[in-house]
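Quick one: the structure is below, and I'll ask about it shortly.
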Amino acid sequence: MKKRVFKIKTTFINREQELRLLRNYLDAQPNSILFLYGPKSSGKTTLLYRLCDELEDDKNYEIKFLNLRETFLDSYEDFLQAFFKTGNDTENSLKMSTKRQYSMFGLFKLDAVVERMLKGKNEDPFVVMKVEFQKFIKKGRKPLIVIDEFHKLKGIYLPEKQKTLITELMNFFVAMTKESHLCHVIIASSDAFFIEEVYNDSKLKKTSAFQNLDYLTYPDAVEWLSHTDRYNEVAAFSLNEKEIELIWDTVGGSPWEIQYILERLFEIPLTQILDKIKRERASMVANWVDYEDRPLREELLGHFIDKSCIMHSELMGRRQLLGLAVSDNILFFDPVEGVFGVQGKSLQWGIKRYFGS
């Protein structure tokens with residue numbers, strides 16, 4: 001197959017501190033679930049892929065990575081399909097896989113008999129997973145479970161029981177980390193209110209660690225934009241100090257938006273790109289407030305015209321509306337710090353433009 005050539009390469013910018021925190025977590029005996037959270041498009045999935053890439057050749061680890069963003073989940077059967085595969089299914093998947101084989105198919109490779117028992121509801125999936133962990137440990141390998149967008153399991157119930165799958169799975173991971181010390185578990189989610197539920201659950205709070213992944217810092221963004229030839233392999237253009245400041249002022253350290261801008265600089269002047277982003281965000285705000293409760297929505301967003309973040313205590317009495325703003329990716333909530341913030345600098349520009357500021 002002919003190798004594809006791209007004008008601009010995606011990049012991974014200085015997350016050394018975050019990678020060290022993840023490696024420190026893995027170097028300790030399993031004792032807690034690690035929750036990775038942060039605003040939309042802050043780079044959570046990219047960071048997890050980088051961690052797994054670095055560990056892929058380390059024979060001490062048995063990595064099981066599942067990105068639920070790539071998986072349709074609507075029932076208990078969908079859960080089984082996502083988490084378990086037979087040997088034949090795995091072999092077929094390998095033919096189409098990339099270097100990241102650990103993310104291309106179910107977490108656990110099972111023989112057909114065990115899979116049939118699971119699907120026939122004659123076997124407990126949690127018992128099956130525990131047995132798999134024990135097998136890895138006997139081989140001298142450390143099991144690592146990484147699940148991205150974990151909140152997508154919400155709303156699924158165990159068969160013939162009134163127990164939710166996500167609650168039982170969380171309890172199982174507590175047993176595997178804090179109680180049995182069998183495996184490490186890293187869970188990532190962009191659903192801030194799911195993280196809040198976990199953080200405020202007294203049992204889970206005492207058995208979990210929480211790590212926020214924010215947007216890139218100003219020095220990291222400047223380093224990237226000052227050396228696009230190095231980080232993106234681009235020779236067609238370079239950015240001066242004024243242009244870099246304009247980008248930072250518009251999108252801050254949002255990796256996805258910076259990449260979006262760079263990809264368009266081949267054909268479109270920077271000022272046009274940035275103005276388009278601001279207009280699009282203003283339209284996004286206008287669409288979000290255009291409901292029967294418009295005065296309440298406008299009153300909420302009015303708090304963020306000149307502030308990028310506000311303490312939860314200053315916004316009391318708006319729980320339902322705040323929940324909508326978070327689920328619609330207008331606001332972000334950090335339950336550990338108790339702070340609501342706008343989902344990025346560009347969206348704050350949208351709020352300012354909407355209110356004519």
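Atoms considered below: every heavy atom in the structure, side chains included; atoms not considered: hydrogens, waters and symmetry mates.
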> Who passes side-chain contact (heavy atoms from CB on, under 4.5 Å) against D27, sequence neighbours left out?
Replying inline: N24, Y61
> Under a 4.5 Å side-chain heavy-atom rule over Ile, Leu, Val, Met, Phe, Trp and Tyr, are I310 and F355 clustered together?
Replying inline: yes
> Any idea how Y231 and H227 line up, ring-wise: parallel (<30°), tilted (30 to 60°), or perpendicular (>60°)?
Replying inline: perpendicular
>> Side chains of L51 and I186, heavy atoms from C-beta outward: is any pair under 4.5 Å?
In response: yes
>> One pair to check against side-chain contact (heavy atoms from CB on, under 4.5 Å): L158 and Y76. What are the steps and the verdict?
In response: CA-CA 6 Å; L158 295 177; Y76 178 72; 3.7 Å; yes
>> Pair V342, F332 - check side-chain contact (heavy atoms from CB on, under 4.5 Å), show working.
In response: CA-CA 6 Å; V342 180; F332 169 70; over 6 Å; no
> So, S346 and E257: side-chain donor and acceptor under 3.5 Å apart, yes or no?
Replying inline: yes
>> For K64, is there an ion pair with E62 - N to carboxylate O distance below 4.0 angstrom?
In response: yes
> Should L34 and Q211 count as side-chain neighbours, where that means a heavy-atom distance under 4.5 Å?
Replying inline: yes
>> If I take atom CG from residue L182 and atom CD from residue Q29, how far apart are they, to the nearest 0.5 angstrom?
In response: 10.0 Å
>> For D290, is there any backbone N or O sitting under 3.5 Å from a side-chain donor or acceptor partner on R297?
In response: no
> How far apart are the closest heavy atoms of L66 and A82, and which atoms are they?
Replying inline: CD1-O, 3.8 Å
> Does anything in residues 195-214 pair up under ring-ring contact (aromatic ring centres under 6.0 Å, His included), and if so which pairs, sequence neighbours excluded?
Replying inline: F35-F210, Y199-F210
> How would you list, by chain and number, every residue that makes a side chain to side chain donor-acceptor pair (under 3.5 Å) with Y215, sequence neighbours excluded?
Replying inline: none
> Does the side-chain contact (heavy atoms from CB on, under 4.5 Å) test come out yes or no for L274 and L270, once each step is laid out?
Replying inline: CA-CA 6 Å; L274 299 183; L270 178 61; 3.9 Å; yes
> Are R50 and F12 in a cation-pi setup, meaning NZ or CZ lies under 6.0 angstrom from the ring centre and within 45 degrees of the ring axis?
Replying inline: yes
> How long is the gap from CD1 on I187 to CG on L36, to the nearest 0.5 Å?
Replying inline: 11.0 Å
> Side chains of D214 and S42: is there a donor and an acceptor less than 3.5 Å apart?
Replying inline: no
>> Quick one, T207 and L204 - any side-chain contact, counting heavy atoms below 4.5 Å?
In response: yes
>> Under a 3.5 Å distance rule, please check whether N240 uses its side chain to pair with a backbone N or O of E243 as donor and acceptor.
In response: yes
>> Applying ring pair (Phe, Tyr, Trp, His ring centres under 6.0 Å), can you list everything that pairs with F193, at least two apart in sequence or on another chain?
In response: F333
>> Side chains of W349 and K278, heavy atoms from C-beta outward: is any pair under 4.5 Å?
In response: yes
> Roughly how far, to the nearest 0.5 Å, is the CG atom of L26 from the CG atom of L55?
Replying inline: 6.0 Å
> Okay, side chain of K44, backbone of P39: is any donor-acceptor separation there less than 3.5 Å?
Replying inline: yes
> Would you say N287's side chain and S283's backbone share a donor-acceptor pair under 3.5 angstrom?
Replying inline: yes
> Is R69 paired with D148 through a side-chain N to carboxylate O contact shorter than 4.0 Å?
Replying inline: yes
> What ring-ring contact (aromatic ring centres under 6.0 Å, His included) pairs are there with at least one residue in residues 265-304, not counting sequence neighbours?
Replying inline: F237-F266
> Got a sec, which residues hit side chain to side chain donor-acceptor pair (under 3.5 Å) with K40, two or more places apart in sequence or on another chain?
Replying inline: none
> Do I277 and Y260 touch side chain to side chain, with heavy atoms closer than 4.5 Å?
Replying inline: yes
> What pairs with D74 under side-chain contact (heavy atoms from CB on, under 4.5 Å), at least two apart in sequence or on another chain?
Replying inline: F72, D78
>> Heavy-atom count check: over 12 atoms from other residues, nucleotides or ligands less than 6.0 Å from K130 NZ?
In response: no
>> To the closest 0.5 Å, what do you measure between OG1 (T46) and CH2 (W256)?
In response: 13.0 Å
> Pairs in or reaching into residues 219-230: which pass salt bridge (charged side-chain N to carboxylate O under 4.0 Å, His left out), with residues at least two apart or in two chains?
Replying inline: E223-R230
> Taking atom CG of L322 and atom CE of M316, what is their separation to the nearest 0.5 Å?
Replying inline: 10.0 Å
>> Test of understanding: with ring pair (Phe, Tyr, Trp, His ring centres under 6.0 Å), list the residues that count as partners of H151, not counting sequence neighbours.
In response: none
> Going only through I, L, V, M, F, W and Y residues with side-chain contacts under 4.5 Å, is there a path from V131 to F133?
Replying inline: no
> Is the side chain of K154 donor-acceptor paired with the backbone N or O of I166 at a distance under 3.5 Å, no angle test?
Replying inline: no
Using distance only, find each side-chain donor-acceptor pair of residues 169-180 under 3.5 Å and give its atom names and separation, not counting sequence neighbours.
from	atom 1	to	atom 2	distance (Å)
N171	ND2	T167	O	3.3
T177	OG1	F173	O	2.7
T177	OG1	V174	O	3.3
S180	OG	A175	O	3.2

> Is a side-chain donor or acceptor of K345 paired with a backbone partner of T250 at a separation under 3.5 angstrom?
Replying inline: no
> Taking 4.0 angstrom as the limit, do E132 and K135 come out as a salt bridge?
Replying inline: yes
> Are any side-chain N or O atoms of H184 and backbone N or O atoms of Y25, one a donor and one an acceptor, separated by less than 3.5 Å?
Replying inline: yes
> Going through the checks in order, is the side-chain hydrogen bond (donor to acceptor under 3.5 Å, both in side chains) test met by W224 and N232?
Replying inline: CA-CA 9 Å; W224 177 4; N232 300 100; 2.8 Å; yes
>> Is there a salt bridge (Lys or Arg N to Asp or Glu O under 4.0 Å) between R20 and E16? Walk through the geometry before answering.
In response: CA-CA 6 Å; R20 280 197 302 273; E16 294 305 317; 5.1 Å; no
>> When you measure from the side chain of E267 to the backbone of R264, do you find a donor-acceptor pair of N or O atoms at a distance under 3.5 Å?
In response: no
>> Counting C-beta onward and ignoring hydrogens, is there a side-chain heavy-atom pair between V251 and I261 closer than 4.5 Å?
In response: yes
> Salt-bridged, R23 to E18, with N to O below 4.0 Å?
Replying inline: no
> For N60, which residues count as a side chain to side chain donor-acceptor pair (under 3.5 Å) partner, sequence neighbours excluded?
Replying inline: D58
> Can any side-chain N or O of S327 pair as donor or acceptor with the backbone N or O of L324 at less than 3.5 Å?
Replying inline: yes
> Got a sec, which residues hit ring pair (Phe, Tyr, Trp, His ring centres under 6.0 Å) with Y37, two or more places apart in sequence or on another chain?
Replying inline: none
> Do E149 and S189 meet the criterion of a side-chain donor-acceptor pair at a distance under 3.5 Å?
Replying inline: no
>> side-chain contact (heavy atoms from CB on, under 4.5 Å) for L331 and L300? Distances and angles first, verdict last.
In response: CA-CA 10 Å; L331 298 180; L300 172 62; 4.3 Å; yes
> Hey, is the main chain of K307 close enough, under 3.5 Å, to the side chain of Q348 for a donor-acceptor pair?
Replying inline: yes
> To the nearest 0.5 Å, how far apart are CD in Q259 and OG in S254?
Replying inline: 11.0 Å
